[in-house]
Colleague: 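Quick one: this structure, given as structure tokens, is what I'll be asking you about.
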Protein chains: 2
Amino acid sequence: MAASQNLRMTRQRQVILEELRKVNSHPSADQVYERVRRRLRRISLGTVYRNLEILSQLGLIRKLDLGGTQRRFDGDLTTHYHIRCIKCGCVEDVPLEARTNLEDAVRSVTDYRIIGHSLEFIGLCPRCNKKKSARTKGR
Amino acid sequence: MAASQNLRMTRQRQVILEELRKVNSHPSADQVYERVRRRLRRISLGTVYRNLEILSQLGLIRKLDLGGTQRRFDGDLTTHYHIRCIKCGCVEDVPLEARTNLEDAVRSVTDYRIIGHSLEFIGLCPRCNKKKSARTKGR
DNA sequence: TTACTTGCAAATCGTTTGCGATATA
DNA sequence: TATATCGCAAACGATTTGCAAGTAA
């Protein structure tokens, strides 16, 4: 497993981590690739994928395996929830503290060993919400 | 959009819907395909995908776009939560009533128009939990 | 009859991986 | 120097799609 290997902090790995910590969006692998490429022009998408995986196994970043077709990555390690715009697909943080009591509630009604939970809200971001009203009005 | 088309209830569509309502697991498209194929031997995987999409747009089934690499489908339309086994990947229902208050909480702290939320628990199913203890003990 | 659907196969999308070259510790 | 890592390209798994033939209304 990666965590037990002898890891090297390569320039690529370093820059990927920096860029991910710099943004508060929740970029997909190819969005990370785009950003990192501005600083390291010859980096490959495969390297980005490999390092995102390693960094998340090290616990330095978080892999978001929520809805949508693409996986997303988060440099913010504190437990928090997300909201996704159903229209443009953007993902933002929700300033809501973690509801660990949800897990307790489940423990009392299941035989599963509960490890965690993921909660995602779906909605329209302010920008898309505005656009949509405008268009509806126009009809 | 499919919902506005003139839909035909073909045998394929019918059987897919029946099979999905029959099970209380949450099969992926190819699992549905396997089941349906027992009754319609010449059906193609593409047809299954197309119909699952149409049926979910009609609101006759639910598309589960949660974590994991494969999308899953649910014939149970009532709002409920799921728990996924981190080891074997199986998905089961959680007998917990919907926490709509979560959405209210988010509405008060965001500009998004909240449409819904999805909550998934992660854990070890009783079967995998047992297996894991056994293996650990053996070491 | 008509146009929605099908089966089939090829295409697409996101992600992973094999390999020989490179560079870090 | 040794080997983790890289860039590249091919492979992969899940899903989508183009097309000619089939079929429900």
Side-chain angles (χ1 to χ4, degrees), chain A residues 1-20 26-58 60-73 84 89 91, chain B residues 1-20 26-58 60-73 84 89 91:
Chain A
M1 204 157 282
S4 62
Q5 286 170 209
N6 222 357
L7 290 178
R8 294 174 186 172
M9 187 47 75
T10 60
R11 180 111 184 87
Q12 288 87 336
R13 190 162 298 164
Q14 182 71 45
V15 170
I16 289 170
L17 182 55
E18 283 174 15
E19 289 301 317
L20 202 47
H26 305 73
S28 57
D30 59 283
Q31 287 172 333
V32 172
Y33 175 55
E34 281 309 320
R35 290 195 132 266
V36 169
R37 197 143 69 135
R38 294 182 205 149
R39 296 173 57 186
L40 306 174
R41 315 173 204 161
R42 296 194 48 74
I43 197 173
S44 78
L45 183 56
T47 297
V48 171
Y49 270 104
R50 264 187 290 238
N51 279 301
L52 287 171
E53 179 60 32
I54 289 173
L55 289 170
S56 83
Q57 284 194 16
L58 290 175
L60 294 174
I61 66 174
R62 186 162 290 171
K63 203 194 295 186
L64 303 181
D65 213 354
L66 301 171
T69 90
Q70 288 174 276
R71 184 170 297 153
R72 288 167 174 276
F73 298 86
R84 169 195 310 274
V91 175
Chain B
M1 204 157 284
S4 62
Q5 287 170 207
N6 222 356
L7 290 179
R8 293 175 187 169
M9 187 48 74
T10 60
R11 180 111 184 88
Q12 288 87 336
R13 192 163 296 163
Q14 182 70 46
V15 171
I16 289 170
L17 182 55
E18 284 173 14
E19 289 300 318
L20 204 45
H26 305 73
S28 56
D30 59 284
Q31 287 171 334
V32 173
Y33 175 56
E34 281 308 321
R35 291 195 132 266
V36 169
R37 195 143 68 138
R38 294 183 206 150
R39 295 174 56 186
L40 306 173
R41 318 176 201 159
R42 295 193 51 74
I43 198 171
S44 78
L45 183 56
T47 296
V48 171
Y49 270 105
R50 265 185 291 236
N51 279 302
L52 287 171
E53 180 59 32
I54 289 173
L55 290 170
S56 84
Q57 283 193 18
L58 290 174
L60 295 175
I61 65 172
R62 186 161 290 170
K63 202 195 296 186
L64 303 180
D65 214 354
L66 302 170
T69 92
Q70 287 174 278
R71 183 171 299 152
R72 288 167 173 276
F73 298 86
R84 171 196 309 276
V91 174

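Note: hydrogens, waters and symmetry copies are ignored here, and every other heavy atom, side chains too, is used. Lettering of chains follows the sequences in order, A, B, ..., and the numbering in each one begins at 1.
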Colleague: A/Gln14: what forms a side-chain hydrogen bond (donor to acceptor under 3.5 Å, both in side chains) with it, not counting sequence neighbours?
Modeller: A/Glu18

Colleague: Check side-chain hydrogen bond (donor to acceptor under 3.5 Å, both in side chains) between A/Glu53 and all other residues, then give those that pass, not counting sequence neighbours.
Modeller: A/Gln57, A/Lys63

Colleague: Heavy-atom nearest nucleotide on DNA chain D for B/Glu53 versus B/Met9: which residue maps closer to 5'?
Modeller: B/Glu53

Colleague: Between P on C/dA23 and CD on A/Gln14, what's the gap in Å once rounded to a whole number?
Modeller: 18 Å

Colleague: Return the set of residues passing side chain to side chain contact (heavy atoms under 4.5 Å, CB included) with B/Gln31 (not counting sequence neighbours), or none when no residue passes.
Modeller: B/Pro27, B/Ser28, B/Arg72

Colleague: Let me test you: for the helix from C/dT1-D/dA25 to C/dA25-D/dT1, what is the angle between the axes at its two ends (five pairs each), rounded to 10 degrees?
Modeller: 40°

Colleague: Listed by chain and number, what are the salt bridge (charged side-chain N to carboxylate O under 4.0 Å, His left out) partners of A/Arg37, not counting sequence neighbours?
Modeller: A/Glu34

Colleague: Only counting residues at least two apart or in another chain, list the ones meeting side chain to side chain contact (heavy atoms under 4.5 Å, CB included) with A/Tyr49.
Modeller: A/Ala29, A/Leu45

Colleague: What residues form a salt bridge (charged side-chain N to carboxylate O under 4.0 Å, His left out) with A/Arg50, not counting sequence neighbours?
Modeller: none

Colleague: Please say which of B/Ile54, B/Asn51, B/Leu60 ends up in a side chain to side chain contact (heavy atoms under 4.5 Å, CB included) with B/Ile16.
Modeller: B/Asn51

Colleague: Would you kindly give the CD1-to-C1' distance between A/Ile16 and D/dC6, to the nearest whole Å?
Modeller: 11 Å

Colleague: Sort me out a list of protein N/O and nucleotides 11-15 of chain D N/O pairs below 3.5 Å, or just none if empty.
Modeller:
unit_1: D/dT15; atom_1: OP1; unit_2: B/Arg71; atom_2: N; d: 2.8
unit_1: D/dT15; atom_1: OP2; unit_2: B/Tyr49; atom_2: OH; d: 2.2
unit_1: D/dT15; atom_1: O5'; unit_2: B/Tyr49; atom_2: OH; d: 3.2

Colleague: For B/Asp65, enumerate each residue passing the side-chain hydrogen bond (donor to acceptor under 3.5 Å, both in side chains) test, keeping only those at least two apart in sequence or located in another chain.
Modeller: none

Colleague: What string of B, S and - do you get for nucleotides 6-12 of chain C, 5' to 3', when a contact is any protein heavy atom under 4.0 Å?
Modeller: BBB----

Colleague: Can you name the side chain to side chain contact (heavy atoms under 4.5 Å, CB included) partners of A/Thr69, sequence neighbours left out?
Modeller: none

Colleague: Without decimals, in angstroms, what is the distance between A/Leu64 CG and C/dG14 P?
Modeller: 17 Å

Colleague: Flag the pair A/Glu19 and A/Arg39 as a salt bridge only when some basic side-chain nitrogen lies within less than 4.0 angstrom of an acidic carboxylate oxygen.
Modeller: yes

Colleague: Please report, rounded to the nearest Å, how far the P atom of D/dA4 is from the CG atom of A/Leu58.
Modeller: 15 Å

Colleague: Who passes side-chain hydrogen bond (donor to acceptor under 3.5 Å, both in side chains) against A/Ser44, sequence neighbours left out?
Modeller: A/Thr47

